[in-house]
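Scroll down for the structure; my scribbles are underneath it.
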Amino acid sequence: MDTELEALANALGRGITEGSPDLYELLSDTAHRSVVPTLVPRLNQVVTRFQGNAGAWPLVAQDLFEVLRLVRRRDTVVYEELKAIAEAFAEDERARTAPVPQHASDTATNANTVSGGTFNDPVVLAGSITGGMHTYYGQTSHSGLPPVTDWPQLDRADAIALGVRRPRRIADERPLPRYVVRDGEPALDAQVRAAAREGGLVLVTGEPLSGRTRTLWAALFTNLSGTTRILHPAPGTDLRGLTAVLRARGDAECVLWLDDLDGHLGEHGLTAALLAELARLRVPVLATMSDEAYDAHRYRSPAHARLLSGVEPVELGTEWSPAEVERLAEAAPGDLRLAGAYAHRARHSTPAYLAVGPELLGEWRWARRANRQPLGHRLVLAAIDLARCGMEEVEADVLRRASGLYEGAAPDVSPEDFERALAWATEVRHGTTGMLVPGAEAGSWRAYGSLIEDARDGVPGFGQVPLKLWPLAVEAVRCDDDRAPLDAVLARARAVLGPDADTNPEALLTLGRIEEEYGDEEAAEGWFRRAADAGSTEAAGRLGGLLFHRVDSAAAIPYLEQGAESGDTEAQSMLGIALMERSEHWLRTAAEGGDGLAAFWLGDLLRGGGAEADALRWYWKAAEAGQRGEVATRIGNMLHDLQDYDEAEKWFRIAVEEGDLAGLNGIGLVLEERGSLEAAARFYRQAAESGDPTGAHNLGINLENRGALQEARKWFARAHELGDRDGAFLLGESLLEEKRYSEAEEWLRKAQDMGHHKAERALHDLKAARSGDRPASPAPDTPDTVKE
């Protein structure tokens with residue numbers, strides 16, 4: 001069995017079965033960054049089965065051995081992290097469980113018990129000591145450094161373990177992107193080769209995130225043998241025993257790697273004397289240092305000036321030269337990470353883009369938890385997704401609205417919560433950038449470039465852009481003066497949503513909505529038609545609307561019916577109009593063919609639309625075709641309105657002869673126009689007694705005009721009973737004139753309940769009259785009650 005894997009599995013197994021929450025949190029966080037898809041579920045399975053069962057650690061170790069072997073083969077970066085976690089946990093365990101050192105007497109050594117403990121180095125024994133007592137301490141040996149044979153070889157070394165920042169990694173991408181040669185590379189290569197021959201210090205300096213460590217690693221890997229042994233001590237490591245270790249190396253080539261050199265300076269670290277000794281042993285020292293640290297130690301620290309004065313550092317800047325950008329362009333097509341860096345080179349330095357991006361991504365993912373920053377997480381996600389829609393710079397209010405379109409979003413976000421979330425998202429991290437960075441326009445924001453590319457490249461954690469976000473993006477970029485932003489969003493919508501449209505009716509609908517409002521109406525019709533045919537009732541309603549406004553009622557009606565049945569009120573309205581237009585078309589066609597019933601309905605349709613003359617013509621044709629009884633009253637009413645009273649009376653009498661008693665009311669109207677009020681009243685009464693509310697209404701007015709108020713009120717009440725809303729109103733008005741306020745109010749409220757347009761005003765007048773006058777007593781000849 002592989003001893004390294006066995007040791008790691010044992011260490012992690014003990015920690016899991018002992019229920020260490022910190023260890024499991026570290027393992028889980030590391031596993032989520034792995035490209036091995038089964039790592040997280042397998043770790044969870046092991047923990048679920050064995051956590052807290054201290055006696056089961058051998059079984060856990062056996063399971064973990066297989067997991068670690070898989071990870072070492074498929075994801076070396078995560079394997080090294082797991083290895084470091086295991087080793088650290090094992091070291092903590094040893095320190096915690098180690099017994100207090102107690103050495104027994106040994107005849108072979110001078111291990112003599114002294115007061116207060118046990119001492120294992122030589123001591124002087126004497127019965128008595130005269131004079132002063134002197135204590136002597138021997139020089140402590142510096143044996144903490146491992147032998148050269150334990151130093152990793154260059155061809156097996158891990159650049160990330162040596163300090164190169166971890167880049168983003170997807171699926172089978174290499175741990176590090178292809179190295180892009182910097183302008184200072186020839187000089188650096190020459191220094192590394194010279195140091196390999198003669199010893200000496202090679203130093204690379206630069207601003208934060210300028211790529212110092214990555215550049216030095218490339219020079220190391222390019223110019224030294226793959227069998228070279230590398231010592232990479234932690235900052236603060238005591239290096240005084242290094243020369244002794246190196247003398248025992250045999251013929252092995254060695255290099256001392258000191259990333260961030262300022263952490264290794266001091267009397268126990270790298271000194272001028274140690275550097276000289278290493279040069280004598282032909283061991284190069286390769287180091288990096290920030291500009292700030294170099295300035296502080298080289299020019300403001302006499303203790304270190306001697307060490308650094310003989311070194312000509314290779315300086316790196318964050319801004320890349322045109323030649324470096326050209327080399328980046330050549331390397332970009334083979335690596336998504338470099339392609340993203342090239343795409344965003346105008347806004348972000350390439351080293352910062354590659355190095356900071358993964359840190360931002362990790363923190364952003366972590367923030368999604370309820371006890372972290374879920375709103376800030378959604379704000380950043382909204383900015384990323386809007387950029388995927390073609391809208392890179394976003395106003396804060398648009399971000400707020402967009403963040404509410406995601407699952408789990410609160411229905412209402414207070415201004416204070418929003419401002420806190422925005423402050424978190426825009427906070428500068430790593431001395432370089434926030435997740436959101438200011439846009440060109442005041443008050444606008446955009447997502448950091450690497451986060452946008454992470455989403456476009458399919459990094460886990462990003463899904464499809466919510467369909468509701470596309471119309472919002474289009475609305476946000478609409479501008480009458482400049483169509484370029486709108487065109488960009490439309491182009492992205494077509495490119496992103498189009499390929500999935502056949503399997504997603506909502507995508508079809510979204511494309512149609514965008515095209516309908518701001519794009520191409522013909523294209524919108526095509527998207528809506530496909531969505532409607534796939535079952536989208538909203539798309540059907542929208543397509544019906546397009547066809548309706550194009551005056552194509554026949555084509556619109558089937559789609560409007562789908563929309564109307566789903567509750568779309570706009571579709572319902574357009575459907576009614578379209579059906580009416582189609583009805584007129586077919587009724588006219590039938591009526592022109594001699595159909596009397598069609599002529600009758602066509603007359604009604606035209607009269608309702610205000611085409612009186614045309615309606616009258618078709619009523620006559622309906623009468624000629626055998627519909628005399630159905631149209632006689634209609635013809636009479638229209639002739640009465642035209643003041644052709646003789647012809648009107650003729651048709652009203654025909655109506656009565658044909659059994660339509662509404663003609664009685666019409667005859668009364670004609671007689672009243674001629675001044676024969678009593679004769680008119682007889683016909684009104686016949687109509688009212690036959691159940692015609694209009695006859696009762698007209699009889700009441702006739703009687704009121706002739707002074708028979710009590711009789712008139714009876715027929716107003718009868719008209720109300722038959723469904724005439726004017727009856728209640730007229731009765732209320734009549735009672736109000738006599739200041740019978742309570743009774744008047746009762747009838748006026750009945751009129752109001754039936755929707756009479758004058759009832760509310762009459763009630764207002766009643767209130768004013770009542771406040772200025774006391775209610776009058778009923779007249780002596782007034783009945784106690786008025787029947788409704």
Side-chain angles (χ1 to χ4, degrees), residues 84 87-88 90-92 94-95 98 101 119-122 135-152 157-158 161-164 191-192 195-196 198-205 212-213 216-217 220 228-250 252-313:
E87 290 174 348
E91 183 175 333
D92 289 345
R94 287 193 295 272
F119 196 76
N120 292 301
D121 282 309
T135 303
Y136 296 91
Y137 294 95
Q139 178 66 37
T140 303
S141 61
H142 308 290
S143 57
L145 297 174
V148 171
T149 52
D150 289 348
W151 297 7
D158 181 1
L162 293 178
V164 176
Q191 287 193 28
V192 171
E198 306 164 4
L201 173 62
V202 177
L203 180 61
V204 178
T205 63
R212 300 186 305 267
T213 308
L216 186 59
W217 163 256
L220 167 65
T228 302
R229 299 281 183 169
I230 304 174
L231 176 63
H232 175 216
T237 298
D238 193 332
L239 299 178
R240 286 176 292 174
L242 179 57
T243 53
V245 173
L246 288 169
R247 290 190 191 100
R249 64 178 166 163
E253 295 180 353
C254 300
V255 62
L256 177 60
W257 175 273
L258 302 178
D259 192 33
D260 289 327
L261 176 60
D262 44 306
H264 299 275
L265 299 178
E267 60 177 338
H268 294 171
L270 183 66
T271 62
L274 177 57
L275 181 60
E277 185 65 15
L278 293 174
R280 190 182 66 78
L281 295 171
R282 301 292 188 268
V283 176
V285 180
L286 273 58
T288 68
M289 212 172 192
S290 70
D291 286 345
E292 183 179 1
Y294 178 78
D295 180 72
H297 290 283
R298 170 66 179 86
Y299 300 109
R300 293 171 178 77
S301 174
H304 303 133
R306 180 184 170 196
L307 171 68
L308 297 174
S309 61
V311 179
E312 187 64 36

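Residues take their numbers from the sequence shown, with the count starting at 1.
- A salt bridge links D260 to R212: at least one charged side-chain nitrogen sits closer than 4.0 Å to a carboxylate oxygen.
- How far CG of L307 is from CG of L274: 9.0 Å, rounded to the nearest 0.5 Å.
- P152 has its side chain out of reach of R229: every pair of non-hydrogen atoms, C-beta onward, lies at least 4.5 Å apart.
- Taken to the nearest 0.5 Å, the CG atom of L261 stands 10.5 Å off from the OG atom of S290.
- The 12-atom threshold is exceeded at CD of E198, counting heavy atoms of other residues, nucleotides or ligands nearer than 6.0 Å.
- Put simply, the side chain of R282 gets close to the backbone of A279: a donor and an acceptor are under 3.5 Å apart.
- The shortest heavy-atom contact between A252 and V148 is CB-CG1, 4.2 Å.
- By the 4.5 Å heavy-atom criterion applied to side chains, R249 and C254 are counted as neighbours.
- At a threshold of 4.5 Å between non-hydrogen side-chain atoms, the residues W257 and L286 count as touching.
- Counting non-hydrogen atoms of neighbouring residues, nucleotides and ligands closer than 6.0 angstrom, the CZ atom of R306 reaches no more than 12 such neighbours.
- Checked against P233 for a side-chain contact (heavy atoms from CB on, under 4.5 Å), the options L270, D238, L239 give a single hit: L239.
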> How far apart are the C-alpha atoms of T237 and L145, what are their side-chain angles, what is the distance that settles it, and do they pass the side-chain contact (heavy atoms from CB on, under 4.5 Å) test?
Replying inline: CA-CA 9 Å; T237 298; L145 297 174; 3.8 Å; yes
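- Side-chain atoms of Q191 come within 3.5 Å of backbone atoms of E312 as a donor-acceptor pair (strictly under, hydrogens ignored).
- You'll find the side chain of L231 reaches within 4.5 Å of the side chain of L242, heavy atoms only.
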>> With side-chain contact (heavy atoms from CB on, under 4.5 Å) as the criterion, how do L203 and L308 come out once you've worked through the C-alpha distance, each side chain's angles and the decisive distance to 0.1 Å?
In response: CA-CA 9 Å; L203 180 61; L308 297 174; 4.3 Å; yes
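- The shortest distance between side-chain heavy atoms of V204 and W217 does not fall below 4.5 Å.
- Applying the ring-ring contact (aromatic ring centres under 6.0 Å, His included) rule to pairs touching residues 276-299 yields H297-H304, sequence neighbours excluded.
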>> Checking L265 against M289 for the side-chain contact (heavy atoms from CB on, under 4.5 Å) test, could you report, in this order, the C-alpha distance in whole Å, the side-chain angles of both residues, the deciding distance, and whether it holds?
In response: CA-CA 11 Å; L265 299 178; M289 212 172 192; 4.1 Å; yes
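- Looking only at side-chain heavy atoms (C-beta outward), T213 and L162 stay at 4.5 Å or farther from each other.
- Between the side chain of T271 and the backbone N or O of E267 there is no donor-acceptor pair closer than 3.5 Å.
- Using a 4.5 Å cut-off on side-chain heavy atoms (C-beta onward), V192 and L220 make no contact.
- Remark: L256 CG to W151 CH2 distance equals 7.0 Å, nearest 0.5 Å.
- Here the side chains of L201 and L258 are not in contact, with every heavy-atom distance at 4.5 Å or above.
- Here the closest non-hydrogen pair linking D259 and G163 is OD2-CA, 3.6 Å.
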